[in-house]
Structure formats: C-alpha cells, structure tokens
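The structure appears right after this line, and notes come after that.
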Amino acid sequence: QVQLVEAGGGLVQAGGSLSVSCVVSGRTLSHYAMGWFRQAPGKEREFVAGVTRSGITTYYGDSVKGRFTISRDNTKNTVYLQMTSLKSEDTGVYYCAATTATTRPRQAREYDYWGQGTQVTVSS
C-alpha cells in the first residue's frame, strides 16, 4: 500500500519562505508523477505544482509560478515544495499526491494517492 506523509508546514510571515516535504513509502517513488495541491477553508482543492517521474519537467499553477519550486529525490523517496515570497492567500492545507498518469495532470481526480496534508499559514 502506498503511503504519503507530508511534513514541514507552519506559520510564516508574508514575504517569507517555507519548505514542505513528502515521503512516499510502499512503492518506489519513481513509479509516480507527483503533485502538490492546497485547500483553503471553504475553497476547492487547488493545483499548486507537479513534477514528472524523472524530475526533468515541472509545471505550476498560475498563482504560484515564479515563487514556488517543486523537486524530487527518487533515491530518498521524497518530494519537496519550496515556497518563497509567500502571501496570505497561500494559506491552506498542503497535500502531496501521486499519480501514474503521464499527461502532466492538474486535476485532483487524476491522482491516485494522497497524503494527510500539512498546514501552512501566512500571516500578513
């Protein structure tokens, strides 16, 4: 059974930086493309960033482009999301997700496995 566990969330001031990580167990990370999503209270889950199996290609949601960076280390079965220039609207629960899809998916329904989420709060 594939399990995803996020870590690294917390409270940060606007303009600051924060990194979150996701450790995958149960199967080798290289089997999956990975994504990060976030969900604010009362809002739908939003695509943040994705990375292909090899890590060569990354893609981002418009609201975070140029500020967030997704990366992966298949040898450590870990995916990372580095967040800079944080804004109050970046606040939410951040989820990592795994998929066997090869089409650079951006929809939550295209992902097969999910972590439990980690809270990121940006104070203004």
How far apart are the C-alpha atoms of Tyr113 and Gln1, what are their side-chain angles, what is the distance that settles it, and do they pass the side-chain contact (heavy atoms from CB on, under 4.5 Å) test?
CA-CA 10 Å; Tyr113 302 100; Gln1 184 176 356; 5.9 Å; no
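- For the pair Ala101 and Ala33, the tightest heavy-atom approach, listed with the atom from each and the gap, is O-CB, 3.9 Å.
- We find the OG1-CH2 distance between Thr99 and Trp114 to be 9.5 Å, quoted to the nearest 0.5 Å.
- Arg106 is linked by a side-chain contact (heavy atoms from CB on, under 4.5 Å) to Phe47, Tyr59, counting only residues two or more places apart in sequence or in another chain.
- Under the salt bridge (charged side-chain N to carboxylate O under 4.0 Å, His left out) criterion, Glu46 pairs with Arg38, sequence neighbours left out.
- For Lys43, the salt bridge (charged side-chain N to carboxylate O under 4.0 Å, His left out) criterion is met by no residue, not counting sequence neighbours.
- Partners of Ala49 according to the side-chain contact (heavy atoms from CB on, under 4.5 Å) rule, which considers only residues two or more places apart in sequence or in another chain, are Tyr60, Ile70, Leu81.
- Sorted by first and then second residue, the salt bridge (charged side-chain N to carboxylate O under 4.0 Å, His left out) pairs involving residues 72-85 (not counting sequence neighbours) form an empty list.
- Applying the disulfide (SG to SG under 2.5 Å) definition to pairs two or more places apart or across chains, none involves residues 35-70.
- Side chain of Arg27 to main chain of Val2: no donor-acceptor pair is present (N/O by atom type, distance under 3.5 Å, no hydrogens or angles).
- No donor-acceptor distance shorter than 3.5 angstrom exists from the side chain of Arg45 to the backbone of Gln107, with no hydrogens or angles considered.
- You'll find the side chain of Leu86 reaches within 4.5 Å of the side chain of Phe68, heavy atoms only.
- Between Val122 and Lys87 the shortest side-chain heavy-atom distance does not fall below 4.5 Å.
- Atom-to-atom distance recorded for His31:NE2 and Thr100:OG1 is 10.5 Å, nearest 0.5 angstrom.
- The ring pair (Phe, Tyr, Trp, His ring centres under 6.0 Å) test applied to Tyr111 returns Phe37, not counting sequence neighbours.
- Val79 has its side chain out of reach of Cys96: every pair of non-hydrogen atoms, C-beta onward, lies at least 4.5 Å apart.
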Please set out all donor-acceptor pairs under 3.5 angstrom arising from side-chain atoms of residues 10-25, sequence neighbours excluded.
none

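- The backbone N or O of Gln116 sits less than 3.5 Å from a side-chain atom of Glu6, completing a donor-acceptor pair.
- By the side-chain contact (heavy atoms from CB on, under 4.5 Å) test, Ser85 is found to be paired with Arg67, residues two or more places apart in sequence or in another chain being considered.
- Partners of Gln119 according to the side-chain hydrogen bond (donor to acceptor under 3.5 Å, both in side chains) rule, which considers only residues two or more places apart in sequence or in another chain, are Thr121.
- Within the 3.5 Å criterion, the main-chain N or O of Ser30 finds no donor-acceptor partner in the side chain of Thr28.
- Scored by the side-chain contact (heavy atoms from CB on, under 4.5 Å) test, Thr57 finds Thr52, Arg104 as partners (sequence neighbours excluded).
- With rounding to the nearest 0.5 Å, the separation of OG1 in Thr118 from CH2 in Trp36 is 7.5 Å.
- Listed by first and then second residue, the salt bridge (charged side-chain N to carboxylate O under 4.0 Å, His left out) pairs that reach into residues 109-119 come to none, sequence neighbours excluded.
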Is there a side-chain contact (heavy atoms from CB on, under 4.5 Å) between Met83 and Val120 once you walk through the steps?
CA-CA 10 Å; Met83 302 177 284; Val120 172; 4.0 Å; yes
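- A distance of 9.5 Å separates CG in Asn74 from CE in Met34, rounded to the nearest 0.5 Å.
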